[in-house]
Amino acid sequence: MNIENVPPTYGGSDGGSVGPSGTTGAITKVVTRRRTHRRQWRIFECIAMLILDGWLIYTAFQMAYILRDALDSQNSYLSALLKNVRNNLLDNDPGSYRLAPVESFLLLEISIVVGLLLIFMFRGLYSLRLTGTWFRQVKIIASSATIGLCFLIAYYFAFQPLGTSRLLFLFVWIVSILVLSLGRLLVSGGMSLLYRMGLGETRLLVVGSGRLGKMVLQHIAANPNLGYSIVGFLHDLSDNATGDFGRFKMLGTIDDMAMVIRTMQIDEVIIALPSDMHQHVIKTVKLCERLGTSFKLIPDLYGMSLSRIDMESIEGIPLIGIRPLSLNTFQRIVTRLVDIIGAALALLIGSPIWLALALIIKCTSEGPVIYKQTRVGLNGEHFQMYKFRSMYKDADQRLAQLLARNEAQGPLFKMKDDPRVTPIGKLLRQTSLDEVPQLFNVLKGEMSLVGPRPPLPREVAQYEEWQKGRLAIKPGMTGLWQVRGRSNLSFDEGVLLDLYYIENWSMRLYFQILLSTIPAVLLRRGAY
């Protein structure tokens, strides 16, 4: 095992082991206390959100009333329009209509607050995590508010209270959705900030070391705002490879699960075992239940993307479907337009700087200013990629002499102090300015602004089958691999980040990576 400073335990893997001097008893007390604190925090979180939502609904009603009352202003264009509508369409509304004072709506207001909170509870809003589920929360809020509006309409037509406006109900519906959604967004942002500071995180263990387990590790690590702290993973014994996976620590095998959960104070377990280990899955689930540890089970759908799984049920029978690939024709057209406009503007606006760099490169070392290299692009097609030359002109011939000093894992070759790099080339690499000529590749349609970095043909020849998935999209000048750490990440971690981008593509993620590239370049994370 790879666990340091773990107290000695004796016995089987069923969680019933004891130490020579009551060690396990002490560990059990710590784990129990931690779980108690987490349950108490969860209760506090639900109560706090109930109070916050109640106050927001009350505020939304007050704002809706102010908006509705403003329509009765004598000099308001909307007031005149509303009067016209009443006269022409609503014969039962008196011309001298006046909205009742807000105090007269107190009972209705309390009913709306309590009613919406009850609907939220029945719809499962308070069982969702506060981070990483904002769109799901908004969906529940909007649908619940719509249900509430239906009740309000039924109430109005049944009782027709004097001084009540149907337009007020419409405003309450719209403003409630907006205010509650904004409130949830602010809470999610605040919780994300606390998680990034290391406060209130969920200690997570992943059971599985295959592609599925590694994909889960990378997906979670790519979203630190979810509040998970990955303690490590357990090897599933499905292959001979043992050891850490990049920054993720291997804490043992699935046979060590009970001891790892206790000694590492695991809050939640994600089971990501291959489909041919279903017996181990059942055993692992039962062990988690016996230890009182919450767990999530991820099915191995023959290597399909996790983000494309679509779940539904018919009469209680669970059905699993696969959604089509996220990047459709329309999205490709939009991305291509953004690529062309962005590349053209960058070349035009920065042209004085690029010309100055070209002149410096030409004057400081022999060789061409632009270095051309064959790379592999979309669907394995080869193309000539352009870069500002950052090495001496005989760099390719000297590569064979340096292979033994390779500092990178997998098929990549990386050296922090590569002797082939020129003095100006080192600065270009650290600032990523050597990649500016690739904007011409973007204009030619061979690359995109965002995507996996284009590999060399010799690197692709060493790819495992699952790693070839990164060739399913145009290569890019920047990507998740670059903004998450570049050379600081292992090759497998980088490939999984590329696959995450491909399988979860969206314009939002596209622009998020573009914006994240700026601080990544300025801070020079993993650049050498």
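- Between the CG atom in L125 and the CZ atom in R136 there is a gap of 10.0 Å [rounded to 0.5 Å].
- Nearest heavy-atom pair, G232 versus L205, reported as atom, atom and distance to 0.1 Å: O-CD1, 3.5 Å.
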> So I140 and Q137, side-chain contact (heavy atoms from CB on, under 4.5 Å) or not? Walk me through it.
Replying inline: CA-CA 5 Å; I140 292 177; Q137 293 179 59; 5.9 Å; no
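- Looking at residues two or more places apart in sequence or on another chain, you find a side-chain contact (heavy atoms from CB on, under 4.5 Å) between L56 and L52, D53, V179, L180.
- Although no hydrogens or angles enter the test, the distance criterion places no donor-acceptor pair under 3.5 Å between the side chain of T478 and the main chain of V483.
- When atom types are taken as modelled, the side chain of D244 and the backbone of M250 share a donor-acceptor pair closer than 3.5 angstrom.
- Looking only at side-chain heavy atoms (C-beta outward), V338 and Y510 come within less than 4.5 Å of each other.
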> How far apart are the C-alpha atoms of F295 and T284, what are their side-chain angles, what is the distance that settles it, and do they pass the side-chain contact (heavy atoms from CB on, under 4.5 Å) test?
Replying inline: CA-CA 10 Å; F295 64 92; T284 302; over 6 Å; no
>> Walk me through whether S448 and T335 qualify under side-chain contact (heavy atoms from CB on, under 4.5 Å).
In response: CA-CA 8 Å; S448 174; T335 307; 4.2 Å; yes
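- In the displayed structure, Y463 atom OH is contacted under 6.0 Å by more than 12 heavy atoms of other residues, nucleotides or ligands.
- For K286, the salt bridge (charged side-chain N to carboxylate O under 4.0 Å, His left out) test picks out no residue, with sequence neighbours left out.
- In this structure, I270 and V207 have side chains that are not in contact, with every pair of non-hydrogen atoms separated by 4.5 Å or more.
- Two residues are said to be in side-chain contact when any heavy atoms from C-beta on lie closer than 4.5 Å; L234 and V206 fail this criterion.
- Using a 4.5 Å cut-off on side-chain heavy atoms (C-beta onward), V172 and I57 make no contact.
- Among residues two or more places apart in sequence or in another chain, the side-chain contact (heavy atoms from CB on, under 4.5 Å) test is passed with I147 by I119, R123, F151.
- With hydrogens and angles disregarded, no donor-acceptor distance shorter than 3.5 Å links the side chain of S144 to the backbone of I141.
- For the pair W173 (side chain) and L168 (backbone), a donor-acceptor distance under 3.5 Å is absent.
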> Step by step, would you call F61 with F169 a ring pair (Phe, Tyr, Trp, His ring centres under 6.0 Å)?
Replying inline: CA-CA 9 Å; F61 187 92; F169 296 157; 8.4 Å; no
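- At a threshold of 4.5 Å between non-hydrogen side-chain atoms, the residues P452 and I502 count as touching.
- Considering every non-hydrogen atom in both M277 and I254, the closest pair reads CE-CD1, 4.0 Å.
- Heavy atoms only, all atoms of each residue included: I261 and V269 are closest at CD1-CG2, 4.0 Å.
- Expressed to the nearest 0.5 Å, how far CG of D498 lies from CD of Q482 amounts to 7.0 Å.
- Ring pair Y126/F120 is perpendicular by interplanar angle, where above 60° counts as perpendicular and below 30° as parallel.
- Pairing each heavy atom of V450 with each of G479, the nearest pair is CG1-CA, 4.4 Å.
- Rounding to the nearest 0.5 Å gives a distance of 10.0 Å between CH2 of W134 and CG of L186.
- Across all non-hydrogen atoms, the minimal contact from L117 to G54 is CD2-N, 3.9 Å.
- Taking CG from L499 and CD from Q467, the interatomic distance works out to 8.5 Å, rounded to the nearest 0.5 Å.
- Counting heavy atoms of neighbouring residues, nucleotides and ligands inside a 6.0 Å radius, atom CG of L107 does not exceed 12 of them.
- E465 pairs by the side-chain contact (heavy atoms from CB on, under 4.5 Å) definition with K468, not counting sequence neighbours.
- Legend: side chain to side chain donor-acceptor pair (under 3.5 Å) pairs involving residues 106-118, not counting sequence neighbours, sorted by first then second residue: Q62-E109.
- Annotation: cation-pi pair R129/Y228 present, NZ/CZ under 6.0 Å from the ring centroid and within 45° of its normal.
- For the pair Y501/R470, no side-chain contact is recorded, criterion being any heavy-atom separation below 4.5 Å from C-beta on.
- If you take OG1 on T131 and CG on L194, they are separated by 10.5 Å, rounding to the nearest 0.5 Å.
- Judged purely by distance below 3.5 Å, without hydrogens or angles, the side chains of S209 and D236 pair a donor atom with an acceptor atom.
- When side chains are defined from C-beta on, E45 counts as touching L130, because their heavy atoms get closer than 4.5 Å.
- The aromatic rings of F233 and F245 lie perpendicular to each other, with more than 60° between the two planes, well past the 30° mark.
- In this structure, the side chains of L291 and R262 come closer than 4.5 Å at one or more pairs of heavy atoms.
- With rounding to the nearest 0.5 Å, the separation of OG in S188 from CG in L193 is 11.0 Å.
- Residues forming a side-chain contact (heavy atoms from CB on, under 4.5 Å) with K139 (at least two apart in sequence, or on another chain): none.
- Salt bridge annotation for R203-E268: absent, with no cationic side-chain nitrogen under 4.0 angstrom from a carboxylate oxygen.
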> Could you walk me through whether I298 and V216 pass the side-chain contact (heavy atoms from CB on, under 4.5 Å) check?
Replying inline: CA-CA 9 Å; I298 300 179; V216 171; 3.4 Å; yes
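- Around the CE atom of M121, the shell of radius 6.0 Å holds no more than 12 heavy atoms that belong to other residues, nucleotides or ligands.
- Of all heavy-atom pairs spanning D256 and G252, the tightest one is OD2-CA, 3.6 Å.
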